[in-house]
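Data first, discussion second: the structure below is written as structure tokens.
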Amino acid sequence: MTFLDKDTLNQLYRFGIALTGNEQDSQDVLHTAIERFLRNKPQKINQQAAYIRTIMRNYWYDELRKLKTHRDHVEASQFEQEIISIHSQSLEDIMIDQQELQKHWSSLQDSQRELLYLHCVLEYTAQEISDELNCPRGTVLARIHRLKKHLEKMAQTNGSQGALS
Amino acid sequence: MKKPINQSVNDLLNNFELSDEQLASFAQLEKDCLQSKPQTKQVNINHSKMWLSLVASFLVMGLFMGQFLGAGANKKLTSDEQLHAIAMEVSYNHLKFKPLEVAHSNLSQVTGYFNRLDFNPLASSQVAALSTSLIGGRYCSIQGNIAAQLRMEDNQGRISTLFESRYQAQDFSMLPNIEQGQEPKVLYVDGQRVALWVEKGLVMALVSEANQ
């Protein structure tokens, strides 16, 4: 591939897995995003990968809405309208076993997996995530806060002592 | 071994890589897109389309605001609505007919492929009546929960799909449990017959032709 190298494609593929939760949908979403990108041939794009991630995200959520299985995401978004006072949130102090993470991976919401990707793989700050997702920084911090709680709750429910600390 | 979450997420995702075949398909896609002619005719009508889109957007926004301000804005789905949503989802997946990830007529061979599931896909007592033979399977999801779909074919070439997922009370409590003597819930969606039930701790959904 001439315009995207193998590493970038693999990064986008992994982002797709984080977004959709599985390999097949990731491939479909990436395929559609690249096709749309190439057909539109947008000019003055400095961050091609970020632009393609946005196409992938929009396409995936559109597909979910069509399927009407976007209920969880919509409900979660409604909570985000609440004003939550969080000044600083970070996931960095969470310790987790990879097996444990893999076990709970599919039960996380799409937006939570996406947040993990942006925060843990791309090492984006809350501000950078808010820029990419085009939402307020406070919302990102609130999401991180809830994700942290969620991961802790999952570990407790599972009875796995000390899986998260 | 416990690791910082950043490392665990990286390690988990680094297990996934595009195969040479998949990379080749993206290279082909690029070639196809670059060879196709630009759609110049559309430019002339874009202006009027833009105005139409603008008017449509206002209408949709008006409708949305009306609904949002109404009583049903935060309404939880009823059991029937949840059943219908599940039936719609599995029917859509059945009709979409995505490529099989594993093709085999032997159940243990097919279930052996699903190593990312947190349950073991099983043969169901409800499927035996259809006289079908297994042709393969692939991963999918039901209401956001990872699931296996097993594709079957009868002797007349009619395809049916059995979906299996782990039982999660918050998503599937409305489904009948056949081990408690309950009958599967049957719905008709998009011309398909969709049977839904819980069996051996798994959620099962069988989609077949309405007259099968």
Nearest heavy-atom contact between Leu18(B) and Asn10(A) is N-OD1, 2.7 Å
| message | The test is salt bridge (Lys or Arg N to Asp or Glu O under 4.0 Å); show your working for Lys98(B) and Asp25(A) and say whether it passes. | response | CA-CA 10 Å; Lys98(B) 283 188 176 179; Asp25(A) 282 334; 2.6 Å; yes
query = Would Leu116(A) and Ile5(B) satisfy side chain to side chain contact (heavy atoms under 4.5 Å, CB included), going step by step from the backbone distance to the final call?
reply = CA-CA 9 Å; Leu116(A) 278 176; Ile5(B) 192 159; 4.0 Å; yes
- Item | Whether over 12 other heavy atoms sit under 6.0 Å from Lys185(B) NZ | no
To the nearest 0.5 Å, atom CD of Glu100(A) lies from atom OG of Ser8(B) at 10.0 Å
Distance col, row Cys120(A):SG vs Gln7(B):CD, nearest 0.5 angstrom, shows 11.0 Å
Output for pair (Glu17(B) CD, Glu23(A) CD), nearest 0.5 Å, gives 11.5 Å
From the list Leu13(B), Ile146(B), Asp118(B), side-chain contact (heavy atoms from CB on, under 4.5 Å) partner of Trp105(A) resolves to Leu13(B)
Verify the neighbour count for atom CG of Asn134(A): are there more than 12 heavy atoms of other residues, nucleotides or ligands below 6.0 Å?
-> no
If you tally heavy-atom pairs under 4.5 Å between each of Pro4(B), Cys140(B), Ser25(B) and chain A, the highest tally belongs to Pro4(B)
May I ask you to test the Leu29(B)-Glu35(A) pair for a side-chain heavy-atom distance under 4.5 Å? yes
Under 4.5 Å to a heavy atom of chain A? For Asn14(B) that would be both
Practice task
With side chain to side chain contact (heavy atoms under 4.5 Å, CB included) as the test, would you mind laying out the steps for Val9(B) and His119(A) before giving the verdict?
Solution key: CA-CA 10 Å; Val9(B) 172; His119(A) 193 79; over 6 Å; no
Separation between NZ (Lys31(B)) and CG (Leu38(A)), nearest 0.5 Å, reads 13.5 Å
Okay, Glu101(B) and chain A: the region with an atom under 4.5 Å from a heavy atom over there is side chain
Chain B shares the most heavy-atom pairs under 4.5 Å, among Arg113(A), Gln102(A), Glu123(A), with Gln102(A)
Applying a strict 4.5 Å limit to non-hydrogen atoms, the region of Leu30(A) in contact with chain B is both
In this structure, CD1 of Ile17(A) is separated from CZ of Phe16(B) (nearest 0.5 Å) by 4.5 Å
ask   = Hey, does His31(A) have a side-chain heavy atom less than 4.5 Å from the side chain of Phe26(B)?
value = yes
Interatomic distance, OH@Tyr117(A) vs CG@Asn10(B), rounded to 0.5 Å, equals 9.0 Å
